[in-house]
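First the structure, in the form of structure tokens, and then the observations on it.
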Amino acid sequence: MNIVLVSPEVAPFAKTGGLSDVSGALPIAINNLGAGHKCSVVLPFYQMVRESGFGPKLLRTEKIRLGSEEFNAGIFFLRHENTDIYFIENRKFYDRQQLYGLPSGDYPDNHLRFAFFAKAAISLINYLGNVDLIHCNDWQSGLIPLYLRLSGNYIKTLFTIHNMAYQGLFDPQVIPLLDIPQEFFTPERLEFYGKFSFMKAGIIYSDAVSTVSKGYAREILTPEFGCGLSGLLQTRSSSLYGIVNGVDYKEWSPQTDKYIVQNFDENTLDYKLDCKKDLLKTFGLKFDARKPVLAVVTRLAEQKGIDIIAEVLKDILGLGAYFILLGTGNEKYNNLFSDIAKKHKNCVGVEIGFDNALAHKIEAGSDMFLMPSRYEPCGLNQMYSLKYGTIPVVRATGGLDDTIEDFNPANNQGNGFKFAEASAAAFYATIKRAVTLYKDKKKWLILQKNGLKCDFSWNKSAGDYLELFERILSR
Ligand code: ADP
């Protein structure tokens, strides 16, 4: 099969969250399977890509028509590991500081930026020829299945939803600018409560829909998690699949991690202490071996249960723990955590920003990783944590529920701590349980080793994607 994965962010070129990790690792894993399949990648040529130092080369230029306007698309190319990567360049659209917007809000022309992206991706795919299937990811590539249909092009498509809450909703006035017939603006098609929805285009016009864990695939069929689209998804339930994300262990392994002060593995777990010392030093905190480090690396968004973390923070500190947070997002939370750090200089470290190297240091140097998400399509950090001997404390939702099993000290089964209710009380009770077990060094080591044994490598999930691609093509 000749597959092209289209994504608005792809590691290591451009990243805001887990979608990037997935879009970077899945094609490499497919190309590595050695079954003769090929997976190429298409993403926008952002300022972040320009600054990444990879230096893709200009392959060709094209004119892309959107409404009455014509835009230039530069197609840049790079061979990365075993994978062909194509970047779509238009300086006006993509040469900006961030991918989708600033903390104050989304860029107002995102509809044009990603309609252009969809059209340019299709044009590139037509130029490449012989493509069997386009794997579209999230609303930014949601118009691809629709544009294909409108132009009578029947390349098969899979639309993968990485987060139901981000739907690409725009004022209906944009419709003529996107070359979409006005009659598509009905609730049965692309209208979503008075807005024009890119995500609905992906869901309705693709050959199959998937999401990033089996748990989340079940959840989004319910009103609680479907973000207003559970009814539509139910109509597609026979073509809706859940495939859990894998982990790129080349990037996330303490044995080889190039960002951490001391590499370690299951036989040298005590070296992790050096990473803990280094992490505390990075945040200007004095090292105390008895105190566990509880950490968070996340987008500061409601989804992640940030408010619950803020609510229990004082109590966490009361248990004699350090708290470290790396994150950025909602301005309200940026300020909240900056203020908290100022108040608790001895035991709290906060970095507001996006810093991949620091994210690695935190995985390696902390003892527990907190993820009290209200919902979590898959979640990656809980799986990264397991490999670093850092114990996840998670809420039982979506992919977190699928990948983390609550530790039972009676039979030593389990790889983390898990709670059900999205409340500060339930979260705190679970943290307390974890901090108590942390004092029992023997049990803690068993728990860490249980986590180290877990294997969430891409091989299995890449095989599942191939099976799904085959199923779509055979229809
Ligand atoms: P989501 O995609 O919802 O943001 P995931 O858990 O699936 O959540 O993936 C988050 C990814 O983004 C992880 O690789 C995590 O380390 C990374 N990440 C999130 N916030 C930051 C940050 N502020 N700095 C560095 N990496 C971050």
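First listed ligand is number 1; within each ligand, the first listed atom is number 1. Not measured: the values here are computed from a predicted model.
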Distance-only N or O hit between ligand 1 and Asp355, under 3.5 Å: yes

Contact partition for His162 relative to ligand 1, non-hydrogen atoms under 4.0 Å: neither

Enumerated ligand 1 atoms positioned under 4.0 Å from heavy atoms of Lys304: 1 (P), 3 (O), 4 (O), 8 (O)

Test of proximity, Gly18 against ligand 1: N or O pairs below 3.5 Å: yes

Residues Arg50 and Glu89 bridged, charged N to O under 4.0 Å: yes

Residue part near ligand 1, for Leu380, under 4.0 Å between non-hydrogen atoms: both

Ring-face cation of Lys119 near Tyr147 (centre distance under 6.0 Å, axis angle within 45°): yes

Per-residue contact class, Asp21 against ligand 1 - non-hydrogen pairs under 4.0 Å: side chain

Proximal ligand 1 atoms for Lys15, defined as those under 4.0 Å from one of its heavy atoms: 12 (O), 13 (C), 14 (O), 17 (C)

Carboxylate-amine/guanidinium contact Lys214 Glu219, below 4.0 Å: no

Short N or O distance, Val297 and ligand 1, threshold 3.5 Å exclusive: no

Sidechain N-carboxylate O distance under 4.0 Å for Glu421, Arg395: no

Heavy-atom nearest option to atom 19 (C) of ligand 1, drawn from Val212, Thr298, Thr328: Thr298

Heavy atom of the protein closest to atom 21 (C) of ligand 1 (residue, atom name, distance): Phe354 CE1, 3.5 Å

Identity and separation of the nearest protein heavy atom to atom 15 (C) of ligand 1: Asn381 OD1, 3.1 Å

Thr390: which of Lys276, Glu363, Lys272 passes side chain to side chain donor-acceptor pair (under 3.5 Å): Lys272

Polar proximity ligand 1 side, Asn356 side, N/O cut 3.5 Å exclusive: no

Atom 23 (N) of ligand 1: the protein heavy-atom neighbour that sits closest, reported with distance to 0.1 Å: Gly353 O, 2.8 Å

Under 3.5 Å: donor-acceptor pair, side chain of Asp278, backbone of Val261: no

Parallel, tilted or perpendicular, as decided by the 30° and 60° cut-offs, for the rings of His360 and Tyr259: tilted

Donor-acceptor contact below 3.5 Å, side chain Asn346 vs main chain Leu285: no

Subset of ligand 1 atoms that lie under 4.0 Å from at least one heavy atom of Arg299: 1 (P), 3 (O), 4 (O), 20 (N)

Heavy atom of Cys378, distance to ligand 1 below 4.0 Å: no

Side-chain donor/acceptor of Thr298 to backbone N/O of Gly327, under 3.5 Å: no

Whether Tyr388 side chain and Ser253 backbone form a donor-acceptor pair below 3.5 Å: yes

Proximity flag Ser20 to ligand 1, non-hydrogen atoms under 4.0 Å: no

